[in-house]
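Input: a single structure, listed below in structure tokens.
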Amino acid sequence: MNLVEYLTSLGNIAIALSGGVDSSYLAYVAKQSGIPCKAYTVKSQFVPQFELDDAKKISEFIGIPLEIIDIDVLKHDDVMSNPSDRCYYCKHHVFTTISEHAKRDGFTILCDGTNASDDVDDRPGMKAIAELSVKSPLRECNLTKSMIRDLALKADLFTWDKPSYACLATRFQAGQYITGLDLEHIEKAEGYLFSLGLSDFRVRLIGNNVKIQVPEKQIAIVIKNRIEILTYFKSMFDEVVLDLEVRS
């Protein structure tokens, strides 16, 4: 069964739209299929502004209705305390809230952008999604990340080559308490690196020190802008280091 047939068989769906390539393509196909559908995007302390902007932009391009849902993830201690399975608790809170909004709008089926390349066995968040009966059409139809990028390019979606992005909470080592101020600092730091032309990188927080991880080909950009980066980062963090075990 192809994706259009699968979605049509569901009748009508709500889509958790992150603004990334996978959920964007799912929303596009749902809209093209003609079934009743609506997208829901979460606004929380873990989501940087550019993700919200991309979700709004792609929904307008596709022509699918979008609702932005404000969620205070930091009011939950099982999230703030940042255990190794934090993602399970966070996803449970987030998708429960999305489901409640979707049901009020008459959508009983909620779908996410998990694809066939995602390792669901090693992701606590996937356990929560399964428990809440969230469907993953891209995975069910055996669409891999590379296939989705190709299809998104053909559909003229600007997200087709957007790097995969994990929420800001992943920048904290397990067990380190997550605070709103630290999240703001991480978002500002990564936003600054974006402005220098870097992409597909991470700024990891360890205590109040940060470790910059970039693809090997971008290390030269970091070195070239070393003084500027240090000046900006030291206004927020105690120490700044560059990880030589680079992101691939």
Side-chain angles (χ1 to χ4, degrees), residues 1-30 33 35-47 51 55 64 66-67 69 71-149 151 164-170 172 174 178:
M1 185 181 296
N2 64 35
L3 184 56
V4 172
E5 293 171 339
Y6 181 89
L7 294 177
T8 303
S9 72
L10 298 179
N12 65 77
I13 61 170
I15 300 166
L17 179 66
S18 68
V21 59
D22 300 322
S23 60
S24 295
Y25 182 68
L26 176 61
Y28 167 79
V29 177
S33 73
I35 65 172
C37 56
K38 182 177 179 179
Y40 297 81
T41 295
V42 167
K43 180 180 180 180
S44 80
Q45 298 95 325
F46 292 171
V47 181
E51 287 279 73
I64 189 171
L66 173 68
E67 180 176 342
I69 304 173
I71 298 179
D72 181 7
V73 290
L74 296 184
K75 73 178 182 180
H76 302 289
D77 188 64
D78 52 16
V79 175
M80 286 188 73
S81 60
N82 197 22
S84 59
D85 56 351
R86 177 211 69 250
C87 191
Y88 167 80
Y89 298 106
C90 187
K91 289 282 190 184
H92 212 287
H93 295 308
V94 166
F95 275 84
T96 295
T97 303
I98 296 175
S99 293
E100 291 170 352
H101 282 253
K103 287 176 181 176
R104 282 190 223 125
D105 293 336
F107 297 97
T108 57
I109 299 174
L110 175 60
C111 299
D112 81 328
T114 302
N115 64 62
S117 299
D118 291 324
D119 184 1
V120 297
D121 294 328
D122 193 38
R123 295 173 64 179
M126 294 298 100
K127 179 183 176 184
I129 288 173
E131 289 178 357
L132 295 171
S133 299
V134 175
K135 294 187 179 298
S136 302
L138 302 176
R139 184 173 180 81
E140 292 296 324
C141 295
N142 296 313
L143 292 173
T144 63
K145 174 70 82 173
S146 60
M147 293 167 65
I148 294 165
R149 289 196 186 282
L151 292 166
S164 297
Y165 188 85
C167 83
L168 291 173
T170 62
F172 294 71
I178 299 175

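If you read the sequence from its start, that first residue is 1, and numbering goes on from there. What you see is a predicted model, and the numbers here were worked out from it, not measured in a lab.
Checked against side-chain contact (heavy atoms from CB on, under 4.5 Å), Ala30 has the following partners two or more places apart in sequence or in another chain: Leu7, Ile13, Ile15, Cys37. When the ring pair (Phe, Tyr, Trp, His ring centres under 6.0 Å) test is applied to Tyr165, the partners found at least two apart in sequence or on another chain are Phe50. Not a single side-chain hydrogen bond (donor to acceptor under 3.5 Å, both in side chains) links Tyr89 to another residue, sequence neighbours left out. Ser18 pairs by the side-chain hydrogen bond (donor to acceptor under 3.5 Å, both in side chains) definition with Ser23, not counting sequence neighbours. For Thr144, the side-chain hydrogen bond (donor to acceptor under 3.5 Å, both in side chains) partners two or more places apart in sequence, or in a different chain, are Ser146. Evaluation of the side-chain hydrogen bond (donor to acceptor under 3.5 Å, both in side chains) rule for Ser99 yields no partner, not counting sequence neighbours. Partners of Val47 according to the side-chain contact (heavy atoms from CB on, under 4.5 Å) rule, which considers only residues two or more places apart in sequence or in another chain, are Ser44, Glu51, Leu52.
With contacts defined as side-chain heavy-atom distances shorter than 4.5 Å, the pair Glu131/Tyr88 qualifies. Leu17 is listed as a side-chain neighbour of Ser24, based on a closest heavy-atom distance under 4.5 Å. Looking only at side-chain heavy atoms (C-beta outward), Ile98 and Leu110 come within less than 4.5 Å of each other.
The two residues Met1 and Cys141 come nearest to each other via the heavy atoms O-SG, 3.8 Å. Nearest heavy-atom pair, Ala55 versus Thr41, reported as atom, atom and distance to 0.1 Å: CB-OG1, 3.5 Å.
Pairs passing the salt bridge (Lys or Arg N to Asp or Glu O under 4.0 Å) check and including a residue from residues 8-24, sequence neighbours excluded, read Asp22-Lys145. For residues 6-17, no pair satisfies salt bridge (Lys or Arg N to Asp or Glu O under 4.0 Å), with sequence neighbours left out.
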Practice problem: Could you please spell out the steps behind the side chain to side chain contact (heavy atoms under 4.5 Å, CB included) verdict for Leu10 and Cys111? | Solution: CA-CA 10 Å; Leu10 298 179; Cys111 299; 4.0 Å; yes
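Ile109 contributes atom CD1, which lies 8.0 Å from atom OG of Ser9 (distance to the nearest 0.5 angstrom). Taking CE from Met126 and SG from Cys87, the interatomic distance works out to 6.5 Å, rounded to the nearest 0.5 Å. Atom CG of Leu168 is separated from atom CD of Gln45 by 10.5 Å, given to the nearest 0.5 angstrom. Rounding to the nearest 0.5 Å gives a distance of 6.0 Å between CG of Leu143 and CG of Leu3. Rounding to the nearest 0.5 Å gives a distance of 12.0 Å between OH of Tyr6 and OG1 of Thr8. To the nearest 0.5 Å, atom CG of residue Leu74 and atom CZ of residue Phe46 are 5.0 Å apart.
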Contacts under 3.5 angstrom, residues 78-85 side chains, donor-acceptor by atom type, not counting sequence neighbours:
unit_1, atom_1, unit_2, atom_2, d
Asp78, OD1, His93, NE2, 3.1
Asp78, OD2, His93, NE2, 3.4
Ser81, OG, Asp77, O, 2.7
Asn82, OD1, Arg86, NH1, 2.8
Asn82, ND2, Gln173, O, 2.9
Asn82, ND2, Gln176, O, 3.1

Distance-only check: which donor-acceptor pairs under 3.5 Å involve side-chain atoms of residues 100-107, not counting sequence neighbours?
unit_1, atom_1, unit_2, atom_2, d
His101, ND1, Glu67, OE2, 2.9
Asp105, OD2, Lys38, NZ, 2.9
Asp105, OD2, Tyr40, OH, 2.5

